[in-house]
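All residue numbers in this chain count up from 1 along the given sequence.
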Amino acid sequence: MIRTLNSASLAALFATVPKSTTCRTARIHSTYDVAVVGGGIVGLASARELILRHPTLSFILLEKEKDLAIHQSGHNSGVIHSGIYYTPGSLKARLCGKGATMAYEYLDKKGLPYKRCGKLIVAVEREEIPRLKALYERGQENNVRDLTMIDAKGIREREPYCRGLLALDSPYTGIVDWRLVSLAYGKDFQEAGGTVVTEYEASDMAMVKESPAGNTDGMKYPIAIRDSKGKEVRCRYVLTCGGLYSDRLAQISGCSPDPRIVPFRGDYLVLKPEKHYLVRGNIYPVPDPKFPFLGVHFTPRMDGSVWLGPNAVLAFKREGYKLYDFDARDFGDALSFRGLQKLVMNNLVYGVGEMYRGVFIGAQVKILKKFIPELSLSDVLRGPSGVRAQALDRDGNLVDDFVFDVGVGDVGSRVLHVRNAPSPAATSSLAIAEMVADEVERRFSL
């Protein structure tokens, strides 16, 4: 299944989604029923869901950047996942399965481009076959659509240049530009009456003791969200979806610093255009449970390019997309956190290998050649990077589930934090939004 647009249609589509030029701070009124902090895909989807459920309430979404969805939501592989990997019956499994269905329905309804190009999870070593078969059973339990096991001949039919012993074939997996989807959520939110304000970095949340000047509503809007420039928005309730800054947003309302967000940068390689024929769909390795991340893979993109990777290394800055991007506070917070120290010690060899492969791309290509032997170092270039907001507990465990948190005292009764929305949050975004909206309604009795 492929839905594409020509260049003129795509340009027209981009013209309809909200840009920073339409999100001026001059549009801020004094008071709102609900403020959503964070303009990534989870914040935008949640704001959209809430305003569609409660059209008579006033909503504002606050984003610290000039544009929406430019960090994790705009720096990812662009895959629509089918839900193979996750523990059967778990929240992640349910949300991914439901979210993928909702995503495809939304894309069709809005006329947004996507490609259902499928995915192979390929075993290239005999020792991987038992893990692949176990993964197939897990996918069956998760009701992944059209999932099949194929042999070496079937692999070549699906991916002529890929070699492997056995593979899982997931034709329901697709690709999309998740930032474009995020902006469409924002457009829905604005068309329903919501206000989007960019360049508003929330630095403080507190109860106020008096009404805003000229306001006759008394203490109906007791929460003040102040930004680093001294501006203030007052509201009844707050929902934060801060991504890479979710722990810090939670702390300013009195929450525990744990789970801590540790940024991991993933660096991609890209195939040269003349080598795009080597890859038709997504090609993934069999995940190794000994390691905390999935491993490098081949990912076609909506613009026709092909990304290879990523690795996973500690980023020296929460929004540091380049090797030498550095922020003293971010780096110090990460290194001083006991949870990261334990994670590093438990995965030292793996971590050193990831850093080595990030510097010497030939080592990365060597791994990729196991899947496509024709690939050579001269076929690839360094590509873009993304930063993952990885939540860690103090024991060095990756927090693999959704975490909601509230502050303390009067503020805590009016603020809900989404502390962790783990991958595949983009695929699951509409299903996550329903869950977040349910939680908001339960806690705040909207």
Side-chain angles (χ1 to χ4, degrees), residues 14 16-29 32-52 58-76 78 106 110 112 176-205 225-229 231-233 235 237-250 252-253 261 263 318-319 321 386-389 415-421 425-426 428-430 432-433 436-437 440:
F14 269 106
T16 68
V17 296
K19 309 286 195 301
S20 60
T21 54
T22 65
C23 302
R24 299 298 189 188
T25 54
R27 297 174 65 185
I28 302 178
H29 302 296
Y32 295 86
D33 290 305
V34 179
V36 179
V37 180
I41 194 167
V42 173
L44 289 163
S46 299
R48 172 187 177 274
E49 179 68 20
L50 283 165
I51 201 169
L52 292 178
S58 56
F59 290 83
I60 186 171
L61 184 140
L62 305 172
E63 166 56 40
K64 70 181 180 65
E65 303 293 352
K66 291 182 180 180
D67 294 290
L68 299 172
I70 67 170
H71 290 297
Q72 291 186 104
S73 305
H75 289 80
N76 57 67
Y106 182 84
K110 295 293 183 178
L112 297 174
V176 73
D177 182 341
W178 283 118
R179 181 164 188 260
L180 182 60
V181 177
S182 302
L183 296 177
Y185 293 165
K187 181 173 181 286
D188 293 344
F189 175 71
Q190 288 182 304
E191 288 180 343
T195 299
V196 174
V197 176
T198 57
E199 297 183 89
Y200 194 104
E201 184 173 0
S203 59
D204 181 59
M205 296 179 201
I225 305 173
R226 301 182 180 94
D227 79 347
S228 54
K229 300 175 184 177
K231 297 189 292 290
E232 178 178 289
V233 168
C235 56
Y237 304 106
V238 181
L239 169 68
T240 75
C241 303
L244 283 157
Y245 289 90
S246 62
D247 54 343
R248 292 182 183 170
L249 278 173
I252 66 176
S253 66
I261 294 298
R318 292 203 178 197
E319 293 162 354
Y321 299 103
V387 178
R388 174 177 179 169
V415 181
L416 176 65
H417 301 284
V418 180
R419 295 289 296 265
N420 191 46
S428 307
S429 56
L430 290 173
I432 291 172
V436 171
V440 168

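- The CZ atom of Arg248 sits 13.0 Å away from the OG atom of Ser203 when rounded to the nearest 0.5 Å.
- Judged purely by atom type and a 3.5 angstrom limit, Ser253 uses its side chain to pair as donor or acceptor with the backbone of Ala250.
- Residues Leu112 and Ala184 come closest through the heavy atom pair CD1-CB, 3.9 Å.
- Under the salt bridge (charged side-chain N to carboxylate O under 4.0 Å, His left out) criterion, the residue pairs touching residues 37-52 are Arg48-Asp188, Glu49-Arg53, with sequence neighbours excluded.
- Applying the side chain to side chain contact (heavy atoms under 4.5 Å, CB included) criterion to Asn76, with sequence neighbours excluded, gives Trp178.
- For the residue pair Arg318 and Ile261, the shortest heavy atom distance occurs at NH2-O, 3.4 Å.
- Contact record, Leu44 with Gly39: CD1-O, 3.5 Å, taken as the closest heavy-atom pair.
- No option in Val37, Val415, Leu50 other than Leu50 meets the side chain to side chain contact (heavy atoms under 4.5 Å, CB included) test with Leu239.
- Remark: side-chain polar atoms of Ser246 are paired, donor with acceptor, to backbone N or O of Gly243 under 3.5 angstrom.
- Between Arg388 atom CZ and Leu244 atom CG the span is 11.5 Å, to the nearest 0.5 Å.
- No donor-acceptor distance shorter than 3.5 angstrom exists from the side chain of Glu65 to the backbone of Asp67, with no hydrogens or angles considered.
- Tyr245 pairs by the ring-ring contact (aromatic ring centres under 6.0 Å, His included) definition with nothing, not counting sequence neighbours.
- With hydrogens and angles ignored, the 3.5 Å screen pairs no side-chain donor or acceptor of Asp204 with any backbone N or O of Arg226.
- The nearest pair of heavy atoms linking Leu249 to Ile252 is O-CG1, 3.0 Å.
- Residue Thr198 holds its OG1 atom at 10.0 Å from CG of Leu61, rounded to the nearest 0.5 Å.
- Listed by first and then second residue, the salt bridge (charged side-chain N to carboxylate O under 4.0 Å, His left out) pairs involving residues 33-46 are Asp33-Arg236 (not counting sequence neighbours).
- Considering all non-hydrogen atoms of both residues, Ser182 and Ala69 come closest at CB-CB, 3.6 Å.
- Between the OH atom in Tyr237 and the CG atom in Leu416 there is a gap of 12.5 Å [rounded to 0.5 Å].
- Glu201 CD to Ser228 OG: the interatomic distance, rounded to the nearest 0.5 Å, is 5.0 Å.
- Contact annotation: the side chain of Ile60 approaches that of Val233 to within less than 4.5 Å [non-hydrogen atoms, C-beta and beyond].
- Within the 4.5 Å cutoff, no side-chain heavy atoms of Val387 are placed close to those of His75.
- In terms of heavy-atom proximity, Gln72 sits nearest to Ala389 at OE1-N, 2.9 Å.
- Partners of Glu319 by salt bridge (Lys or Arg N to Asp or Glu O under 4.0 Å), not counting sequence neighbours, listed by chain and number: Lys64.
- Phe189 is linked by a ring-ring contact (aromatic ring centres under 6.0 Å, His included) to nothing, counting only residues two or more places apart in sequence or in another chain.
- Atom CD1 of Ile41 sits about 15.0 Å away from atom NE2 of His71, to the nearest 0.5 Å.
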